[in-house]
2 protein chains.
Amino acid sequence: MGSASLEERVKELEQVCRSRGLPLTIQRRAVFETILERDDHPSADQILEQIKERVPDISRTTVYRILDTFVQLGLITKICHPRSVARFEPRIQQHHHLICMHCEQIIDLEEDRLNGIAYPDVRRHDFQITDYHIHFRGICSGCRSRAGGAELPD
Amino acid sequence: MGSASLEERVKELEQVCRSRGLPLTIQRRAVFETILERDDHPSADQILEQIKERVPDISRTTVYRILDTFVQLGLITKICHPRSVARFEPRIQQHHHLICMHCEQIIDLEEDRLNGIAYPDVRRHDFQITDYHIHFRGICSGCRSRAGGAELPD
DNA sequence: CTGCCTGCAAACGATTTGCACCAGC
DNA sequence: GCTGGTGCAAATCGTTTGCAGGCAG
């Protein structure tokens, strides 16, 4: 789909670091590549686990710090919702999510139609809207079949 | 607007507790009334501070436990977004939020038009959508005037 | 070289849990 | 009276911070 290749995105990382005068360390490159390789929305600790395969001595602190830096730089997005720790995703273009209320799984939605919603009238709040994001909440297929609609182990 | 009165909502609490066999304690009533009285989106600790005025010996633990119970019962909603602790709101009907990316303030939106968005086609995910919620992100008037668009102390 | 980055360990803040006691129904 | 709720203190979990050395530019 419309997403850039891994290599293009790594180039983007290089450019962004260079333009800001930030050193492109082994750790930064590895965190970026690791998050790009996944098609889900991993937590900091999930990224840490996976990255240890290629940079075994990386510390948890560094992963947290790098993820935060990438969010500030606009390279990745941080997602947060109740009952779940912070998660990260490499996509920065506008898109929306399905969120399973049982297993907290997050699924990306591709529908372009959802990107064209007119902004609400916020003159009375004098608020300047930059963008928006829709969560569709519900139950994923796995949880539905596992539980038949009743409660789940968790 | 279309929101129920405080008394109606307290009745709702009584009914829900009775129907589930949950004791309606002083603390539960006080937490519910406190959150209803506010028109913002308080954190657990903000609720605790305010509730101490009427139930001085209530413990923080209890507030957390009660808020969690209310969320399970569908009486209130928990909201979470990056860079801010969990917040709660008494409104359970569908509505949407403006979120200031500088001060993390959350503002309720009333626009009905936003409630009629057609669900996306999720057949390939086999996901059952229950409802949705839109965050509009941007900058509130206070932060804009304080900072003129540049960065903020926080 | 110089400065930002990293790893370690300790601090931190929000939230949860174990347990003895107490209060609704 | 029984059941579940509450308060307290301690544990936990994710995340952040202080500091001494290391590496990219």
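Judged by distance alone, the side chain of A:His95 and the main-chain N or O of A:Gln93 form a donor-acceptor pair under 3.5 Å. Formation of a donor-acceptor pair under 3.5 Å by the A:Tyr132 side chain with backbone atoms of A:Ile117 is found in this model.
Between B:Leu22 atom CG and D:dG5 atom P there is a gap of 6 Å when expressed in whole angstrom units. The interatomic distance linking A:Leu48 (CG) with D:dG14 (P) rounds to 12 Å, in whole Å. Between the CZ atom of B:Phe70 and the P atom of D:dG5 there is a distance of 11 Å, rounded to whole Å. Per the geometry, CD belonging to B:Gln72 stands 16 Å off C1' belonging to D:dG4, to the nearest Å. When the C1' atom of D:dT6 is taken as reference, atom CZ of B:Arg28 falls 10 Å away, rounded to whole Å.
Taking the nucleotide of DNA chain D with the nearest heavy atom to each of B:Gly21 and B:Ser59, the more 5' of the two is matched to B:Gly21.
With respect to B:Arg28 and B:Glu33, no salt bridge is recorded, no charged nitrogen being found less than 4.0 Å from a carboxylate O.
Contact annotation: B:Thr62 reaches the phosphate of D:dG7 (side-chain N/O to OP1 or OP2, under 4.0 Å). Between B:Gln27 and the phosphate of D:dG7, there is a side-chain N or O to OP1/OP2 separation shorter than 4.0 Å.
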Scan nucleotides 15-17 of chain D against the protein and return all N/O pairs shorter than 3.5 Å with their distances rounded to 0.1 Å.
from	atom 1	to	atom 2	distance (Å)
D:dT15	OP2	A:Tyr64	OH	2.6

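Taking 4.0 Å as the cutoff to heavy atoms of chain B, we find the contact window on DNA chain C bounded by C:dA14 to C:dC25.
Within the 4.5 Å cutoff, the side chain of B:Leu67 has heavy atoms near those of the B:Ile76 side chain. When side chains are defined from C-beta on, A:Asp40 counts as touching A:Pro42, because their heavy atoms get closer than 4.5 Å.
No single ILVMFWY cluster, assembled from side-chain heavy atoms under 4.5 Å apart, contains both A:Ile92 and A:Phe32. In the hydrophobic clustering of ILVMFWY residues, with side-chain heavy atoms under 4.5 Å counting as a link, B:Ile79 and A:Phe136 come out apart.
By the salt bridge (charged side-chain N to carboxylate O under 4.0 Å, His left out) test, B:Arg29 pairs with B:Glu14, sequence neighbours left out.
At a cut-off of 3.5 Å, with distance as the only test, a side-chain donor of A:Glu89 or A:His97 sits close to an acceptor on the other residue.
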